[in-house]
Amino acid sequence: MNLSLVVWRQKGAQTPGRFERYEAKDVSPDLSFLELLDVVNEGLITQGIEPIAFDHDCREGICGSCAMMINGLAHGPQPAVATCQLYLRHFKDGETITIEPWRAKPFPILRDLVVDRSAFDRIIQAGGYVSVNTGEAPEANSIPVPKKDADMAMDAAACIGCGACVAACPNASAMLFVAAKVAHLGRLPQGRVEAKQRVDQMVDAMDREGFGNCTNHYECMDACPKAIHVKAIAFMNREYRFPRRKPGT
Amino acid sequence: MPEARVPPGPLPQKWEACRASLKRLSPSDARRYRVLIVGTGLAGASAAATLGEQGFQVESFCFQDSARRAHSIAAQGGINAAKNYPKDGDSIERLFTDTIKGGDFRSREANVYRLAQVSNAIIDQCVAQGVPFAREYDGYLANRSFGGVKVRRTFYARGQTGQQLLLGAYQAMMRQVEAGRVRLHPRTEMLDLVVADGAAKGLVVRDLVSGAITTYGGDAVVLATGGYSTIYYLSTNAMGCNVTATYRAYRRGACFANPCFTQIHPTCIPVGHQHQSKLTLMSESLRNDGRIWVPKRKGDQRSPDQIPDGERDYYLERRYPSYGNLAPRDIASRAAKAVCDEGRGVGPGGQGVYLDFRDALGQLGRRTIEERYGNLFAMYHEITNEDAYAVPMRIYPAPHYVMGGLWVDYNLMSTIPGLFVIGEANFSDHGANRLGASALMQGLADGYFILPLTLTAHLAAHRPRQEGPEHPAFGDARRQVEERTRRLLAVRGKRTVDDFHRELGRLMWDACGMERSREGLTRARAEIPRIREAFWKDVTVLGSGEELNQALEKAGRVADFLEFAELVCQDALHREESCGGHFRVEHQTPDGEAKRDDAHFCYVAAWQFQGDGQPPVLHKEPLTFDAVPLTERSYK
Ligand SMILES: Cc1cc2nc3c(=O)[nH]c(=O)nc-3n(C[C@H](O)[C@H](O)[C@H](O)COP(=O)(O)OP(=O)(O)OC[C@H]3O[C@@H](n4cnc5c(N)ncnc54)[C@H](O)[C@@H]3O)c2cc1C
Ligand code: FES
């Protein structure tokens, strides 16, 4: 099949970017989207044009590296997959595809499709963990966990930290990302002890990083490659509101 | 040969005795030492978290944009431990024995025993961190069985065990970042090791965003840089996996052990097209319910549902009646290759075998199968456009894991004082073949429970003293890296880096993959320098070194593969026996099984670099087996 790509090119964080058009001729519909970029890049290199920079690593939809807007949709048109799991058979022969980086203030562009997502690390750093030192743990089966709770924790824990939720949200909110961690740990007895403190600290960190508020568009859930449900946000809101933290503590 | 420093005494007491004798440091003393850890996978992140908790200053490096994206994240199937929750007779003893036998008697007994001993504490730790392991309806942890063993000892979190374990370790590390004891350096690649005054004292790294090449000094260096299966170009590993860190350490004097011991995983989705960039693993857990077969008749083109049972060859069940479809990886992979070589393979190019769920679907129903493997079936569908509920999956072996790595002693220290190596990057625990669900176990054993003690004891024996750029060894190493980077950019030839990588990969797959022969390896050893020369004459890397330049990153990694590949082939050539994943066609039993030569090759091959163009020196660490008698491995 033949495809036209309109790709955002930007040499560095401080340089202005623009769209460039590249043709991909005679590619197999069995290629993954990133393999399409590989093929285009090899072509560019042989023409002496610097290849398109994009983050990727596992190519199995689990590391959360790959991140791009494809025709205006985070990770493209297929539900519940990351860009690396998107295959060309979902596009039409002759189609023009627009590819852009995540666009959100807290994710500054570094080059082409590569953005800086370290804000997510700083949010986790603020409290997205259980405070247990190595060697302090009790016997694993000493606290039974209802299967239902463990399953719900796992649903939320599936987040790959790619940032699609932020890129898809009109407010660039990171609520789904934060809520996924709050719900993962908050649903387990091991995480309950610090639940209140965790949610407060993570939400504060989210605000500091400049992410927007949630105004219930639910675009995040549609864009999420792991189909994490906005129920997690409801869970987080409950944890955040009650009981209110006393000022200064 | 360097001393392995295995403590004296009976096997079960060695680690306890060793631990008791290791010097410790109070947090206030620990604060004065700086530890440089390269890698944030299970091994690196768990080590950074634990050393941070103990008070050390830790600098943590990875090339991804976040520590959480290390390749460990992709592990699917599970992690072993000898908890014996299902009460099916498991024990530390048994996990140890399985691992020794699974490794085809080419691992160090004392290390493996210790691994089995600490396995249970790993599960405790991970559960306490909030790792959402699968549970039974009674609320207790669930277990399943995994390739090459008959007991259920594998803990899992759906098909995302590596992700959940890594997030646990990453979060523990981020807690130490918040506490100010761990400093993160993501998007930073180690390009050389600095050895000053005979000890590992620092790193040369490149900031992958600005391109700046700088040095870091510390009291010790830990490499947790994972495996190098990407030397074959196509593998199940993440695209960024590479050998640079360990290979550069080898060039600085660390011995490289058993580099040819690579694992080819039997259940991967076959190559689909010429632009294939990587291969996708279908978790081994599928072999619990799927049956593997090919048509009995050569070139049988009928669709699988048209082939009656009598005309199917369930070759694993036939050849290994006792283990059947759960035969260990090396055996299952080779058996698949054998039937494909006979012309009985299925799918495009005849490079595939069926993994069929028809019977399991009939017996257990679609819901159960969906519950167990839903995400894997979905992934398979997305990649191949085939519905595995209706037609059998097609699978083929692919490079997956390396048992080889830098040589370490019992304390996980390499032959360079102060250089420690953990996780897949070292060689120690899996011998010539790794059993499923034991890499995650080893990475976390090393990082949470072993290294923090042995490294502390090493540091306690030395006064804290960090060298910096003023030390000549730092300046020299940095200049060498700068020069090499400049050279890569200066070639400006016509071929892309990937083009060379593919060429090397094909050669390695043919000559040093599932089957190796004297003739093939000799040819490869002659061929590799030719490709390397062509690379340095004709590769093209556009752009500059002072910016984010992914082609430059890749070029450096491929350049190292082009040197390291020779060592891999040399190791494979010298080992005139078959063992585990190393199958030399000259050494097989009449029915095609691997034939070990314990009289001559019961040792670890540790190679020492002697300079460019010089043959490396081979040191042999003899292996003795006191607890598990040396026997021929049999899964019949
Ligand atoms: C698809 C797949 C599934 C698997 N499933 C299982 C399973 O179910 N059970 C099991 O036990 N094992 C499994 N394995 C094997 C297991 O995942 C790995 O062996 C293990 O995770 C390796 O962990 P590690 O910490 O040693 O290294 P990795 O997780 O590979 O981490 C390497 C780290 O080193 C860094 N790094 C490397 N080089 C440099 C450099 N030069 N400079 C800076 N940083 C560097 C990387 O950034 C990364 O942070 C699987 C492997 C694959 C490929
Ligand atoms: S490359 Fe890892 S999620 Fe896409």
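Naming convention: chains lettered A, B, ... in sequence-line order (proteins, then strands); numbering from 1 in each chain. In this text the structure is predicted, and so the values were computed from the model without any measurement.
Looking at B:V177, the atoms closer than 4.5 Å to chain A (heavy atoms on both sides) sit in the backbone and in the side chain alike. When heavy atoms are compared at a cutoff of 4.5 Å, B:Q64 approaches chain A solely by way of its side chain, counted from C-beta outward. Looking at B:H275, both its backbone and its side chain come within 4.5 Å of chain A, counting heavy atoms on both sides. B:T384 touches chain A through its backbone: at least one of N, CA, C or O sits under 4.5 Å from a heavy atom, while the side chain does not. Proximity to chain B (any heavy atom under 4.5 Å) is shown, for A:S131, by both the backbone and the side chain. Neither the backbone nor the side chain of A:V27 comes within contact range of chain B, judged by heavy atoms closer than 4.5 Å. Contact of A:L31 with chain B is made through backbone and side chain together, with heavy-atom distances under 4.5 Å. Interface residue A:D121: backbone and side-chain heavy atoms are both found under 4.5 Å from chain B. No part of A:R187 comes within reach of chain B, as not one of its non-hydrogen atoms sits under 4.5 angstrom from that chain. A:E136 touches chain B through its backbone: at least one of N, CA, C or O sits under 4.5 Å from a heavy atom, while the side chain does not. Neither the backbone nor the side chain of A:K148 comes within contact range of chain B; no heavy atoms are under 4.5 Å apart. Neither the backbone nor the side chain of A:A13 has a heavy atom closer than 4.5 Å to any heavy atom of chain B. For a residue to count as touching a neighbouring chain, one of its non-hydrogen atoms must lie under 4.5 Å from one of that chain's; by this rule A:I49 touches chain B with the backbone only. With a 4.5 angstrom heavy-atom cutoff, B:Q54 does not touch chain A via any of its atoms. B:A121 does not touch chain A: none of its heavy atoms, backbone or side chain, sits under 4.5 Å away. Residue contact with chain B, scored on non-hydrogen atoms closer than 4.5 Å, is absent for A:V193. For B:I383, the parts lying under 4.5 angstrom from a heavy atom of chain A are both the backbone and the side chain. Residue contact with chain B, scored on non-hydrogen atoms closer than 4.5 Å, involves the backbone and the side chain of A:I45 alike. Both the backbone and the side chain of A:S65 come within contact range of chain B, each with at least one heavy atom under 4.5 Å from a heavy atom of that chain. Residue A:V39 touches chain B through its side chain alone, counting heavy-atom pairs closer than 4.5 Å. Using a 4.5 Å cut-off between heavy atoms, A:L34 makes no contact with chain B at all. With a 4.5 Å cut-off on non-hydrogen atoms, B:L279 touches chain A through its backbone but not through its side chain.
In terms of heavy-atom pairs under 4.5 angstrom with chain A, the leader among B:E136, B:H71, B:R492 is B:E136. In terms of heavy-atom pairs under 4.5 angstrom with chain A, the leader among B:D124, B:L542, B:L548, B:T496 is B:D124. Between chain B and the options A:I160, A:D30, A:L185, the largest number of non-hydrogen pairs under 4.5 Å is found for A:I160. No other option in A:D38, A:T46, A:I124 has as many heavy-atom pairs under 4.5 Å with chain B as A:I124. Across B:Q160, B:Q163, B:Q274, the residue that shares the most heavy-atom pairs under 4.5 angstrom with chain A is B:Q163. Interface summary for chain A: among B:K494, B:R495, B:H273, the most heavy-atom pairs under 4.5 angstrom belong to B:H273. For the set B:R68, B:Q164, B:R175, the entry with the most heavy-atom pairs within less than 4.5 Å of chain A is B:R175. Annotation: maximal heavy-atom pairing with chain B below 4.5 Å, among A:G161, A:G48, A:G135, occurs at A:G161. Residue with the most contacts toward chain A among B:N385, B:L167, B:N120, B:N375: B:N385 (heavy-atom pairs, distance under 4.5 Å). The most heavy-atom pairs under 4.5 Å with chain B, out of A:Q190, A:H90, A:R89, come from A:R89. Note: A:V145 leads A:V132, A:D149, A:V145, A:L188 in heavy-atom pairs under 4.5 Å with chain B. Taking A:D116, A:V130, A:I62 one by one and counting their heavy-atom pairs under 4.5 Å with chain B, the maximum is reached by A:I62.
Of all heavy-atom pairs spanning A:Q125 and B:M174, the tightest one is CG-O, 3.7 Å.
One N or O on the side chain of A:D112 and one on the backbone of A:Q10 form a donor-acceptor pair closer than 3.5 Å. Between the side chain of B:E553 and the backbone N or O of B:E189, no donor-acceptor pair lies under 3.5 Å. One N or O on the side chain of B:S72 and one on the backbone of B:L42 form a donor-acceptor pair closer than 3.5 Å. B:R69 contributes a side-chain N or O that, together with a main-chain N or O of A:C63, makes up a donor-acceptor pair within less than 3.5 Å. For A:K226 (side chain) and A:A157 (main-chain N/O), no donor-acceptor pair under 3.5 Å exists by modelled atom type.
Not counting sequence neighbours, the partners of A:R111 by the salt bridge (Lys or Arg N to Asp or Glu O under 4.0 Å) test are A:E50, B:E547. For A:H229, the ring-ring contact (aromatic ring centres under 6.0 Å, His included) test picks out no residue, with sequence neighbours left out.
With respect to the salt-bridge test (charged N to carboxylate O, under 4.0 angstrom), the residues B:R187 and B:D207 do not qualify. Taking a cutoff of 4.0 Å between a charged side-chain nitrogen and a carboxylate oxygen, A:R117 and A:D55 qualify as a salt bridge. Here A:R208 does not pair with A:D204 in a salt bridge; the nearest charged N to carboxylate O distance is not below 4.0 Å. Salt bridge annotation for A:E35-B:K278: absent, with no cationic side-chain nitrogen under 4.0 angstrom from a carboxylate oxygen.
Checked options A:Y87, A:F91, A:F54; the residue passing with A:F33 is A:F91 (criterion: ring-ring contact (aromatic ring centres under 6.0 Å, His included)).
Taking the ring centroids of A:F177 and A:F120, they lie under the 6.0 Å cut-off.
Contact check for B:N549 versus B:L489: side-chain heavy atoms found under the 4.5 Å cut-off. Inter-residue side-chain proximity for B:S66 and B:Y170 is flagged as met; some heavy-atom pair is nearer than 4.5 Å.
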Checklist line | Stepwise side-chain hydrogen bond (donor to acceptor under 3.5 Å, both in side chains) test for A:S32 and A:R59 | finding: CA-CA 9 Å; A:S32 73; A:R59 297 205 175 189; 4.9 Å; no
Next item on the list: Might you work through the side-chain hydrogen bond (donor to acceptor under 3.5 Å, both in side chains) test for B:S229 and B:H400, ending with a clear yes or no?
Entry: CA-CA 6 Å; B:S229 294; B:H400 177 60; over 6 Å; no
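A donor atom on one side chain and an acceptor atom on the other are found under 3.5 Å apart for B:T50 and A:T134.
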